[in-house]
Amino acid sequence: MSQDWGTPATTAFDSLTAALRSNIIPNQEYLLQGSVLDSAVEILLHRLRGLCDNVDSGPETFHDHEMCFSIRGNQNTPLLLRVRRALDYPDMPYQLRYIGQPEIGVGDKARPTIVRSSIDVACSSTVVEFLTEMGCRMDFEYISRGYMFRKGRMKILVSKIFKMSQGKPPDNGVEPISQSYLVELSILAPGGQDVIGEDMKAFAEQLKPLVQLEKIDYKRLPMAMAP
Amino acid sequence: MQREEKQLEASLDSVLLKLNEIKSQLVAMLYKIDHERDSLQWPTFLDNFALLSGQFSAISKVLSHDKTPPIRNLTVLPLLLNPEREEELIRLTEGRVPAFTHDLVPDYLRTKPEPDVEHKLLQLEHKAASLSYDAAQKQAATFNKVITHVLDIVSKSREEWESEAGSRGGTGQTSSMSDTHSLVAAVGMGKGLKMMMPQPGAPMGPGMMVAPGGPGRTVAPVMPMGPGGQPMGMMGKTPSGIKTNIKAAAGIHPYR
């Protein structure tokens, strides 16, 4: 009894470690990517409206500004951190996100989707300053505007990516990167749930031939694509 | 043609074999019911049923096999009816059918419809006979008209559908692999996003991002400093001219 009095109740860190150990934290992102030409985006949106859960309310729109920061620690590969904020809801908290490298492990070839670790936290607008003080520098930034759909725990983003142009507020004077919308199908889940990949593959099949959703490792893309 | 006939023969043989097995099984079962009624155990009886159902599934498997030609498409045609007793037929049917006669054949060859179907057919024939020629003609004409109309509608929508499908197939491409790659590379690594800034840092980031904070601090995020304190610029490859640009641009920040 007396011992119980002396030791503090489990700390937040302890419960976090326990949660990590029992593998209940959704820190893995299962991802498929593709694109659709501007001319066909209406057809895709129409099809998604039919396929997804939020049929009655219609798709949710978003208009975000994302900045990617990097910091070089002792390792050769820089650590990447992304800050995202909603341009259409300036009062919303910012989002700080860590995305790991795509897992390359045993059986990765057989896996239907990219699997990478992903951790999100909400934060205040001073995060940019904070990161800078920490020694991070901004690598690049872009504007992403589009629609979000849900189907079960799947999230489907159809978004247009814009370059930031100099000297102008982000709302106008932005230039699209390509004549296509980026389409992303993702699920956040604890690791090891490879059934999810099958579900996603089945959903991706339903969007063919409109969109080819695939696992794309951007590190190994042919350089010829680069503008 | 000959091959198909051979196939048909072979499949008929196997079906016949299975049917004979079922028949003997049924006979044995009936025998048991008749003669061993008192000593018959329910479980053994059920076993018999299980055996039978197994044989039924075996026969349906044979019938649905790819190599079995569709037997239902074939017709049995009675070529000769004979009212006299035939010994050969009696032997073949185990004493069940003594003669191939007019009253037996329609039942055995299933050329006679079921009783209620027959009844309905009779009614309809009666109705048709009682109709006058003109009225019948008129009804047929109306019917034809309706059918033609429906056919028109169907063929028209088929045409529309096909042309639509054709045009959709014509426009074809709705996504482009190279666009996918450039978008993924841009979002993932900033490809095409970093290189497009002749004045890196200047108007981006700070002014828009860090709203509060004094002007002195706002500049901080602009300076792309590596951990070693060197300006990192564009992946460390930036010519020094740009480096000075950064500072200059930071000085004339539009938001200040």
**Item:** CD on A/Q179 to CG on B/L183, rounded to 0.5 Å
**Value:** 10.5 Å

**Message:** Below 4.5 Å, heavy-atom pairs only: which of A/L182, A/I99, A/V183 has the largest tally toward chain B?
**Reply:** A/L182

**Request:** Please name the pair of heavy atoms, one in B/D179 and one in A/S178, separated by the smallest distance, quoted to 0.1 Å.
**Result:** OD1-CB, 3.8 Å

**Request:** Work out which heavy atom in B/S176 is nearest to a heavy atom in A/S35; give both atom names and the distance.
**Result:** O-OG, 3.3 Å

**Prompt:** Partners of A/R84 by salt bridge (Lys or Arg N to Asp or Glu O under 4.0 Å), sequence neighbours excluded?
**Reply:** A/D64, A/E66

**Item:** More than 12 heavy atoms of other groups within 6.0 Å of B/E9 CD
**Value:** no

**Request:** Taking atom OH of A/Y147 as the centre, report whether more than 12 heavy atoms of other residues, nucleotides or ligands fall under 6.0 Å from it.
**Result:** no

**Request:** Enter the distance from A/L80:CG to B/M189:CE here, rounded to the nearest 0.5 Å.
**Result:** 10.5 Å

Show which side-chain atoms of residues 198-214 of chain A pair as donor or acceptor with protein atoms under 3.5 Å away, not counting sequence neighbours.
{"from": "A/E205", "atom 1": "OE2", "to": "A/K208", "atom 2": "NZ", "distance (Å)": "3.2"}

